[in-house]
Amino acid sequence: MGSTNAVYKQWIPSTNFENASNWNEQRVPCSQDTVMFDSGKKVSVYVQASHSLKDMYLPLDGEFILSPGAGFAASAEDDAECSKGSTIMFRDTDQDTWLDPTLWLSGLSTDDLEGGKSLFLVDAERVPCQYDDVIFFPETSFRVNIQPTDPAIQLKSISVMGRRFNRDDDFSQYRQSNTGKLQFPGPGRLQITNAKCGDKTGCECGNDLFLGEICSSLLRHYNNKCPEVPCTNPLQPVGHCCEICGATVSLEHTSQFDLENYRNRLTHTFLSLNKYSSVKLAISKVQKLQTVLGIIPRGSIPEIQIVIIDDKNGSQTGSDAQQLAYDIMSDIQNHGQSFGIIKGTLVLATGSSTSAHKTDIPVGTIFASVIGVIICVALIGATYFLYRTGFIRLPSLDAVTFRWMRNRTQEGVAHMERKGFENPIFDGTPDNSTDVPPLYEREEAPKGIVVRQSDVHFTNPLYDGSPSEF
């Protein structure tokens with residue numbers, strides 16, 4: 001698990017005399033050997049023990065740092081363990097450059113470094129970042145070529161032979177000493193800032209400006225070309241030199257996001273499981289390039305990048321990384337809002353897939369939907385509670401049915417009234433009354449029919465208002 005939010009970076013190579021990798025025969029010289037140092041090479045060599053040698057040719061400009069009891073002596077007798085001896089050459093240390101990511105070990109603590117527990121990081125972040133503490137362990141000698149860069153390479157601090165430098169002036173003065181010149185050759189500049197990352201959402205490594213030099217230093221170990229990968233459409237993480245098979249998860253976040261807290265969650269929730277023992281994961285803040293139509297660049301935005309790989313081979317390459325990525329996306333969907341995550345984007349490339357697969361999860365939309373459902377359920381529950389306790393009354397089914405039927409009846413009557421017709425016999429004043437003669441004149445009206453100004457009606461003799469005789 002790797003994170004670039006302030007880690008320790010240890011320089012791996014040493015120029016110690018007892019380091020077998022410093023000799024062309026990959027062994028420490030013995031008593032019958034002739035030791036050769038290139039006369040034109042400058043070197044600082046730390047010697048931890050006493051050695052008997054047949055001959056030794058020293059460089060014209062260099063130093064030997066002897067620990068207590070260490071030294072050299074001429075061998076006068078044959079040594080059965082050394083057989084006949086040979087001429088053994090000290091390697092050329094000028095090839096070791098600061099920007100070579102293969103020459104650094106990364107750890108969350110000095111104990112991790114001493115125990116060989118190294119973090120997995122993208123290539124640009126394997127080289128010391130601007131907020132890192134750099135360590136050259138005591139009782140070691142080294143030679144690291146500082147390449148010219150613009151701007152200067154920034155570090156939080158640097159420790160050399162047990163002395164920690166956190167002020168730029170102090171380290172610059174040390175570098176001008178004879179030992180400092182032998183240890184840190186080259187025209188490049190190291191600037192010590194003693195600065196810490198002040199953003200809990202994470203700070204960028206700062207090595208993106210040197211990515212070209214970093215990749216050149218890396219690829220010289222691979223014949224200047226990236227190794228082939230078995231997946232069809234491999235991924236290219238930000239800050240990595242070569243394409244990979246596996247998964248990347250990109251996170252958009254709020255100001256409440258805490259990189260260290262989320263890294264700890266990934267470590268304890270997922271990476272501690274046995275099924276993910278083959279998986280390596282790196283998380284850091286990077287600048288993601290934005291483009292128009294995937295071609296025209298239009299700036300960059302910061303985002304959290306998670307890179308996941310595994311040690312599977314063939315068609316199984318990236319399968320464990322894919323499963324872990326699915327688990328992380330599910331966790332983001334369920335708990336991302338509490339960590340300040342707005343959106344997660346997953347891209348996969350495995351040995352069994354024919355194309356890269358991309359998935360987006362907008363955490364805010366999902367969260368809003370869940371909250372909406374919860375509110376609806378809460379309102380229904382509150383209504384039922386108030387009804388049961390008597391605070392509110394709901395109409396019975398019979399009352400609702402009666403009201404519905406009454407409304408339907410009233411609507412029917414109104415409908416019929418609207419669809420009625422005019423009877424000319426009972427019309428008060430017909431249109432064009434001056435042109436149509438009246439039905440009866442008053443004198444000519446039949447008996448029993450009363451004609452009035454407003455209407456015409458019949459009178460029933462059984463109910464005649466005047467008394468009659470039988």
Side-chain angles (χ1 to χ4, degrees), residues 1-7 106 108 119-127 129-132 196-209 211 235-241 244 246-272 276 279-291 299-310 318 321-349 356-367:
M1 177 74 188
S3 170
T4 61
N5 225 27
V7 299
S106 304
L108 295 177
L119 299 174
F120 167 66
L121 302 169
V122 294
D123 295 326
E125 297 165 6
R126 293 165 67 185
V127 175
C129 300
Q130 58 183 331
Y131 299 108
D132 289 345
K196 297 181 180 180
C197 174
D199 186 354
K200 70 176 184 178
T201 66
C203 293
E204 298 168 32
C205 173
N207 285 342
D208 52 321
L209 297 176
L211 184 59
L235 309 176
Q236 182 67 65
V238 177
H240 212 58
C241 296
I244 64 168
T248 62
V249 178
S250 301
L251 305 180
E252 295 180 20
H253 59 84
T254 68
S255 59
Q256 300 303 312
F257 179 78
D258 190 315
L259 179 61
E260 290 304 315
N261 285 346
Y262 192 64
R263 181 183 63 80
N264 291 334
R265 177 172 181 82
L266 296 179
T267 300
H268 299 301
T269 305
F270 301 110
L271 294 179
S272 60
Y276 294 133
V279 174
K280 295 180 180 180
L281 184 149
I283 178 172
S284 61
K285 178 181 282 188
V286 299
Q287 284 288 334
K288 186 65 175 291
L289 180 65
Q290 300 293 296
T291 60
S300 59
I301 59 172
E303 69 175 18
I304 302 301
Q305 175 180 259
I306 303 175
V307 181
I308 312 171
I309 62 172
D310 58 37
Q322 173 181 270
Q323 185 57 54
L324 175 57
Y326 283 150
D327 289 348
I328 292 175
M329 292 296 282
S330 177
D331 185 65
I332 291 173
Q333 181 175 349
N334 296 325
H335 307 288
Q337 194 80 13
S338 62
F339 287 94
I341 299 174
I342 299 174
K343 177 183 177 183
T345 301
L346 167 65
V347 184
L348 295 170
H357 175 68
K358 182 177 181 180
T359 303
D360 291 336
I361 292 185
V363 178
T365 302
I366 296 173
F367 179 75

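At least one donor-acceptor pair under 3.5 Å links the side chain of Asp310 to the backbone N or O of Ala321. Under the 3.5 Å distance criterion, the side-chain polar atoms of Glu260 are left unmatched by any main-chain donor or acceptor of Asn264. A donor-acceptor pair under 3.5 Å links the side-chain atoms of Gln305 to the main chain of Val238, judged by distance alone. Counting only distance, with no hydrogens or angles, the side chain of Lys285 and the backbone of Gly202 share a donor-acceptor pair below 3.5 Å. Within the 3.5 Å criterion, the main-chain N or O of Cys197 finds no donor-acceptor partner in the side chain of Gln130.
For the pair Ile304 and Thr201, the minimum side-chain heavy-atom distance is 4.5 Å or more. Considering only heavy atoms from C-beta on, Phe270 stays 4.5 Å or farther from Val279 through its side chain. The closest side-chain heavy-atom distance from Lys200 to Gln256 is below 4.5 Å. Looking at heavy atoms from C-beta onward, Tyr326 lies in side-chain contact with Leu346 at the 4.5 angstrom threshold.
For Leu251 against Glu303, the heavy-atom pair with the smallest separation is O-CB, 3.6 Å. Of all heavy-atom pairs spanning Leu211 and Gly239, the tightest one is CD1-O, 3.8 Å.
Contacts of Glu252 classified as side-chain hydrogen bond (donor to acceptor under 3.5 Å, both in side chains), with partners at least two apart in sequence or in another chain: none.
Classified by interplanar angle (parallel below 30°, tilted 30° to 60°, perpendicular above 60°), the ring pair Phe257/Tyr262 is tilted.
Between the side chains of Gln323 and Asp327, a donor-acceptor pair is found at a separation under 3.5 Å.
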